[in-house]
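This report refers to the structure that appears directly beneath it.
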Amino acid sequence: MSSPAPSTLKEIYPVPAATRENTLCTDKDYETLYQWSVEDPEGFWRRQKDRISWFEDPGLIKNTSFEGDVSIKWFEDGTLNASYNCIDRHLDKHGDEIALIFEGDDPSVDQNVTYRELHGHVCRFANVLKAQGVKKGDRVTIYMPMILDTVYAMLACARIGAVHSVVFGGFSSEAIAGRLDDCQSRFVITTDEGLRGGRKIPLKANVDDAIARLASEFGGSVDKVLVVRHTGGDVAFNADRDVWYHEAAETVDADCPPEPMNAEDPLFILYTSGSTGQPKGVLHTTGGYMVYTSMTHEYIFDYKPGEVYWCTADVGWITGHSYIVYGPLANRATSLVFEGVPSYPDASRFWQIVDKHQVNIFYTAPTAIRALMREGDDLVKKSSRSSLRLLGSVGEPINPEAWNWYHNVVGDARCPIVDTWWQTETGGVLITPLPGATDLKPGSATRPFFGIRPALVDTDGNLLDGATEGNLVMLDSWPGQMRTVYGDHERFIQTYFSTYKGMYFTGDGCRRDEDDYYWITGRVDDVINVSGHRMGTAEIESALVAHDLVSEAAVVGYPHDLKGQGIYAYVTCNAGVEPTDELRKELVKWVRAEIGPIASPDMIQFAPGLPKTRSGKIMRRILRKIAENEFGSLGDTSTLADPSIVDILIENRQNK
Ligand code: 6R9
């Protein structure tokens, strides 16, 4: 590779003059606004709420408590509609501007949609939902590829006050069934098939299978499955339950008035993995989420209408919700939706798309950057990329080598990089540079956004001062914060507010340097980050032990060149079962079917037993070290019930 070695990496990259001259927010603005935001949150957010159009203007601003029952309310007496904010309010003067650019998996397929056209599509979709019986407050599960209809479906739910639950298209039917059951969703929107890298993904068939499992495992059922025709592939059709979208759309009105929603009415549920149990339904509400995503999108990407903005995430994740759909469209952005993958037809696809659609702002994940970096600079350099002026990163810590390559090769050393730290639970970005205000340090998410009060605590919850390392918490609420775990407020309190009293615990470890810059070091709980996707080790373990031949399993993360972290599973088989390569393959297949391909173990080590304390707790610290091939630093093993098991595990450690 011809890019400079990481040793040439500078420590600080000042704001480029060109960015400083034409920015929404300089360093001085940042200091002033940040002070205001934390000293007078009421006043600050009273001003910021006006970036959103309200049907009834809220008089109440902030009513939040991290103590006791934990109650988070923002703008609670206001009413609004998210879809109105993303569409209708732009129509008067800007209806002919482009809202969405679609780029298909097949490079010859693309489409531009204006705000006026978006209005038509969303209204029609909303009327179809109504005609199928969907009412305000109903949960609607969306299992779709990255196509425009998916955005229409989300906004159509928002328009009529239904609560969408988007399930990533890479999840298995078992995972869909669990999510359908958890939020008692009786409506599903899907397509015949998805298309990724030239391959067809059987989405409708997965939904059929999920509904069968919903019945057999949970005793549940679904009223309607709305099927959008996409590839035209053959699908099974259940006439009592399944409805072709294009047929239903012919019979409905092209106008649908937006439903006035209270600021604290749910907008969506999105399932995410945690350190224990099954995925949690993270609930976001309407007013605070819209204010926060639109504000962060505008400031962090320094967005000006007319610019082409591309976030490569899938709408199945929070990044797609906040920074492909709601934030950008509220800001009248042109947001690009890409159906395909970075490597198809070849590994220059991203840069070809940047040139083709003259993308100005590009937001992706470190795992994609590392994969493309490996393909060499030539594939990048054959594109111009002269339209780019800002790059973003999200999902996991970005290693300095990848940062350097992103900066020098992709951005021609011209474009600032915003390394944005946040979570499904936070709704929007919390720690990030602002391109015109913040000098960059490669690998650091830098400084808190407005209204955000991060702090570091030790394991006893004592606040730590100055340059130090600790667990990352938030001391106060912000409008985009999740409100509860759907149907389980107790779990919400337990998961986020019980480790450190009165504080929101992020689950991340973090270092703060002498300039008050934050450096996220990764999860400190049993969550692993595989290619920027969150996986709970407990979830993978329970999938493994659900297999007939497995008696016990423990899963840990280990460093992986491309994925950031890989999945390492220790598996103990039932007595008398021969641990073979065949079984290893079978177990990988099993986990893919139980959760989805993203949860496939990268390594499976058969273990005659697991290292446990005398009270039966698995010592994951030791398993992590063995997975990392670090046998010299295992720490104290004397408290183990059977210390000899450690030697056996080391001996059997695969070096594949
Ligand atoms: C937006 C999103 C959240 C977890 C989070 C952290 C990791 C995200 C990061 C980052 C370092 C960044 N993470 N962004 N770590 N630097 N810029 O990814 O949400 O899927 O819920 O994951 O991802 O560990 O706690 P989600």
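When a ligand or atom number is given, it counts from 1 through the structure's own listing order. Just the heavy atoms: all of them, side chains too, but no hydrogens, waters or symmetry mates, feed the values below.
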(request) Apply the ring pair (Phe, Tyr, Trp, His ring centres under 6.0 Å) test between W310 and each candidate in Y363, Y303, Y323, F338; give the one that qualifies. (result) F338

(message) Keeping H284 on the side-chain end and T424 on the backbone end, is there a donor-acceptor pair under 3.5 Å?
(response) yes

(message) So, regarding R523 and ligand 1 (criterion: nitrogen or oxygen to nitrogen or oxygen, under 3.5 Å), is there a contact or not?
(response) yes

(message) Under 4.0 Å, heavy-atom basis, I'd like to know which part of I520 is in contact with ligand 1: side chain, backbone, both or neither.
(response) side chain

(message) Side chain or backbone, does R534 bring an N or O within less than 3.5 Å of an N or O on ligand 1?
(response) yes

(request) May I ask you to list the atoms of ligand 1 that are less than 4.0 angstrom from any heavy atom of V394? (result) 1 (C)

(request) Quick one: look at T420 and ligand 1, take heavy-atom pairs under 4.0 Å, and tell me if it's side chain, backbone, both or neither. (result) backbone

(message) For K73, I'd like to know if atom NZ has over 12 heavy atoms of other residues, nucleotides or ligands within 6.0 Å.
(response) no

(message) Can you tell me if G395 contacts ligand 1 (heavy atom of the residue under 4.0 Å from the ligand)?
(response) yes

(message) Starting from atom 21 (O) of ligand 1, what is the nearest protein heavy atom, named by residue and atom, and what distance separates them?
(response) T424 OG1, 2.5 Å

(message) Quick check with a 6.0 Å cut-off and a 45 degree axis cone: is R179 positioned over the face of Y143's six-membered ring?
(response) no

(message) When you compare the side chain of T426 with that of W478, does any pair of heavy atoms fall below 4.5 Å?
(response) yes

(request) Tell me which part of V527 gets within contact of ligand 1: side chain, backbone, both or neither, using heavy atoms under 4.0 Å. (result) neither

(request) Around atom 1 (C) of ligand 1, find the nearest protein heavy atom and jot down its residue, atom name and distance. (result) W422 CE2, 3.4 Å

(message) So, regarding T506 and ligand 1 (criterion: nitrogen or oxygen to nitrogen or oxygen, under 3.5 Å), is there a contact or not?
(response) no

(request) Please confirm whether Y299 and F450 have ring centers closer than 6.0 angstrom. (result) yes

(request) Could you tell me whether E396 approaches ligand 1 through its side chain, its backbone, both or neither, with non-hydrogen atoms closer than 4.0 Å? (result) backbone

(request) Starting from atom 11 (C) of ligand 1, locate the nearest protein heavy atom and write down its residue, its atom name and how far away it is, to 0.1 Å. (result) P397 N, 3.1 Å

(message) For G532, is there any backbone N or O sitting under 3.5 Å from a side-chain donor or acceptor partner on R534?
(response) no

(message) Tell me which one of Y289, W422, Y292 satisfies side chain to side chain donor-acceptor pair (under 3.5 Å) with S322.
(response) Y289

(message) If you count every heavy atom of other residues, nucleotides or ligands that lies below 6.0 Å from E514 atom CD, does the total exceed 12?
(response) yes

(message) Using a 4.0 Å cutoff against the non-hydrogen atoms of I318, which atoms of ligand 1 qualify?
(response) 1 (C), 19 (O)

(message) What I want to find out is whether R374 reaches D561 closely enough, with some N-O distance under 4.0 Å, to be called a salt bridge.
(response) no

(message) Quick check on contacts: which atoms of ligand 1 are under 4.0 angstrom from a heavy atom of T319?
(response) 1 (C)

(request) Enumerate the atoms of ligand 1 whose separation from the nearest heavy atom of D419 is less than 4.0 angstrom. (result) 12 (C), 16 (N), 17 (N)

(request) Show which atoms of ligand 1 fall inside a sub-4.0 Å distance from at least one heavy-atom site of N529. (result) 7 (C), 23 (O)

(request) Consider ligand 1: state whether an atom of it lies below 4.0 angstrom from any non-hydrogen atom of W317. (result) no

(request) Ignoring hydrogens and angles, tell me if any N or O in the side chain of Y558 forms a donor-acceptor pair with the backbone of N629 under 3.5 Å. (result) no

(request) Would you check whether D508 has a nitrogen or oxygen atom less than 3.5 angstrom from a nitrogen or oxygen atom of ligand 1? (result) yes

